[in-house]
Protein chains: 2
Amino acid sequence: MKKRTLINDVASHLQVSIATVSLVLNGKAKQSRISDAVAQRVLAYVEEVGYRPNQLAKSLRTGKTHVIGLVVEDISNPFFATVAWLIEKHAFERGYRIIYCSTDNDPTKTKELIAMFQERHVDGFAIVPSEGIEKEVGAILREHTPTVLFDRHLPGLPTNYVVVDGAQGTYAATEHLLEQGYRRIAFVTTDSAQTQMEDRLRGYTQALQEQNLPAQVKRVAVTKETEKVIAAIHDFIRDEAECDAIIFATNYLTIYGLEAIAQLGLRIPTDLALISYDDHDLFRLYTPGITAIAQPVESIAQNVIDILLEELQNPVDPTVAPSQQVLLPTKLIVRKSSIRQPEQPTM
Amino acid sequence: MKKRTLINDVASHLQVSIATVSLVLNGKAKQSRISDAVAQRVLAYVEEVGYRPNQLAKSLRTGKTHVIGLVVEDISNPFFATVAWLIEKHAFERGYRIIYCSTDNDPTKTKELIAMFQERHVDGFAIVPSEGIEKEVGAILREHTPTVLFDRHLPGLPTNYVVVDGAQGTYAATEHLLEQGYRRIAFVTTDSAQTQMEDRLRGYTQALQEQNLPAQVKRVAVTKETEKVIAAIHDFIRDEAECDAIIFATNYLTIYGLEAIAQLGLRIPTDLALISYDDHDLFRLYTPGITAIAQPVESIAQNVIDILLEELQNPVDPTVAPSQQVLLPTKLIVRKSSIRQPEQPTM
DNA sequence: ATGAAAGCGCTAACAT
DNA sequence: ATGTTAGCGCTTTCAT
């Protein structure tokens, strides 16, 4: 009933050896000088009965699974969802499968996931590293498993990585606000020291410094409790911030910020201008539209998979080969939330 | 360098046979009457060197992978993302891993994914079935692979499934609108004949019928081209609909609808009241808040995994065992979009 | 109580 | 040109 066809069945039916079947199936017929006639018969019969080699056995034998482990921060965040989907698409076209998991930025969970992927014998890794996992990533590298970090990287480690020039992004956004006449620009970010967050902060402070304007930075602790994050932003805007514009360092901070601003009854951009680092469907849809620093998702995915597959297909001595590091530009998408309105009477 | 510890290394170091090590590791020490002393030494040494059995070899030998294939429509839709995450969490706690993929409602892709999961020898399936895959699902069942469908089901097949009572949901939503005084209520749904969509439509028509009010149903073709869907809804509202309220049959239809309504410059709920089947973060955040028929995601996930693990752990003769079918209630979350406003002068 | 050995299904070096 | 066969690392029966 559950009898799957085995390579043995194919071979014995065709009166050839299993080696012949295996070689034909793996495209090594020519180099093993198997006659075209036999090769054709094998292919035809395999097609006919729908024989599929057992991947488990194949992997055990070859040591290759053709699976890439994709470790992202949060697969339900549209940014990661999109990049993951694109990576999956490109990988699929080139014969690789993806298995993915979310770390929720939790180092312990990240370590478990990496261990789990190693147990599953993934051929390579694409990782959005949470903080404090240098040791685990280092261990992967030492095993020579091809690996690419993206979105952020681990400064101490000589790894491949693909990141976005966040500093340039926030610099441009700050300049845009300055051009619009905003002078008191605040920056709301997370309490994490991840490289990409520091980059984003740096672009902002630099742009202000060049104009001798003061920076106002709020670091919000990101927890699972949405309400607390919203409250923190709410209180910052109400009590601390003396500002006419805010740049949020991630799309979800912006979303929380929108909620806080709605609670405070402030109008965008009349009372407060807004720019989000990282775009989101919602920002297009929101009234007014929210200006965003968009990341090149397609390009990120393409670079990650290219580097990974190159290493997978041409294993080089990693003690010699330099790692590849890619820095991609952002694009400012200007919507109404950052455009200064003509003076309106306060009602 | 890449030398992983093998069961052989453990056995020879301890001067026992690999069988002993294997038995101890699989908790069969007692029943094989292995002395506690030996068992302890094995455990201690395994811990010390961090030996992890090769899952590939183990799976090849046992025929079990402890992996469940999760096939959803679109993992970036918050509904599916949440359910997938919950299923993953519960499965993990019980020793199972999840691999997931999105079908985009494409039957061809769905078939490929199912085939791929079978190649990976998943122990069980949780599937959100797209239309026209009765044959494939039938084949899975015939192989006795434990399977649960959810969100919708395939009417012809005697499978386990976990679905939501959409008819009750839209019925309650329609009643709510009627109570608010809306009389011309339209229903925007997709062009698909999937069971859950038909259920949702049924609740709406029934509620109207009971009041002898006419139904206005618009079936929109869902394509990847967002703009077209928005345009279709836009044109419906502008040209066809003679309505003062709309129920959208999915959360993404609502989002497209919001965009169309914004383009038309209509005010919610003054010009048009709105209810969405399936909730979304955005609906909480939007001004005004969008009333939604919320699905019990936690309960869906719990039921799916419970049924699946039960079958996985107590294999029963499927020709005898009846399949399990679960129907869960929805909950109407009333926000401003469906609350009638006091009469306002048209400016 | 413990060990030897037969596979799980496949690949690929080596024979013929 | 094609067949034989030794593993990949593990589980489990059977013999001791």
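Numbers restart at 1 for each chain; the letters A, B, ... are given by sequence-line order, proteins then strands. Given the structure is predicted, the values throughout are model-derived calculations rather than measurements.
- The interatomic distance linking B/K64 (NZ) with D/dG9 (P) rounds to 23 Å, in whole Å.
- Taking A/T159 as the reference, A/V137, A/L141, A/L149, A/L157, A/Y161 meet the side-chain contact (heavy atoms from CB on, under 4.5 Å) condition, with sequence neighbours excluded.
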Go through it in stages, so that I can follow the logic: the residues are A/T103 and A/S130, the test is side-chain hydrogen bond (donor to acceptor under 3.5 Å, both in side chains), and I'd like the CA-CA distance, side-chain angles, deciding distance and then a yes or no. CA-CA 8 Å; A/T103 64; A/S130 55; 5.0 Å; no
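- Using a 4.0 Å heavy-atom distance criterion, B/L60 is classed as a base contact.
- Note: NE2 (B/H66) to P (D/dC10) measures 16 Å, nearest angstrom.
- Here the C1' atom of nucleotide C/dT16 and the CD1 atom of A/I34 are 15 Å apart, to the nearest Å.
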Quick one: side chains of residues 36-46 of chain B, donor-acceptor pairs under 3.5 Å with protein atoms, not counting sequence neighbours, listed by atom name and distance.
residue, atom, partner, partner atom, Å
B/D36, OD1, B/K30, NZ, 3.2
B/R41, NH2, B/L14, O, 3.0
B/Y45, OH, B/H13, ND1, 3.4

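- At whole-Å resolution of the value, CD in B/Q15 and C1' in C/dA1 are 17 Å apart.
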Under 3.5 Å, which donor-acceptor pairs link side chains of residues 298-309 of chain A to any protein atom two or more places apart or in another chain?
residue, atom, partner, partner atom, Å
A/S299, OG, A/N303, ND2, 3.4
A/Q302, OE1, A/H90, NE2, 3.3
A/Q302, NE2, A/D306, OD1, 3.3
A/N303, ND2, A/S299, O, 2.8
A/D306, OD1, A/R94, NH1, 3.1

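- Residues passing the ring-ring contact (aromatic ring centres under 6.0 Å, His included) test with B/Y100, sequence neighbours excluded: A/Y100.
- Scored by the side chain to side chain donor-acceptor pair (under 3.5 Å) test, B/H121 finds A/N54 as partners (sequence neighbours excluded).
- In the helix from C/dA1-D/dT16 to C/dT16-D/dA1, the terminal helix axes, each the rotation mapping four pairs' C1' atoms onto the next four within five end pairs, subtend 50°, rounded to 10°.
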At under 4.0 Å between heavy atoms, which parts of nucleotides 11-16 of chain D does protein reach? Answer with one letter per nucleotide, 5' to 3': B base, S sugar-phosphate only, - none. BB----
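- Atoms CG (A/N8) and P (C/dC10) sit 8 Å apart, rounded to a whole Å.
- The side chain to side chain donor-acceptor pair (under 3.5 Å) search around A/K89 returns none, not counting sequence neighbours.
- The shortest distance between the side-chain N/O atoms of A/S35 and the OP1/OP2 oxygens of D/dT2 is below 4.0 Å.
- Atoms OG and CG, on B/S32 and B/L23 in that order, are 3.5 Å from each other to the nearest 0.5 Å.
- Scanning for side chain to side chain donor-acceptor pair (under 3.5 Å) contacts around A/T82 gives an empty result, with sequence neighbours left out.
- A/Q55 comes within 4.0 angstrom of nothing in the nucleic acid, heavy atoms only.
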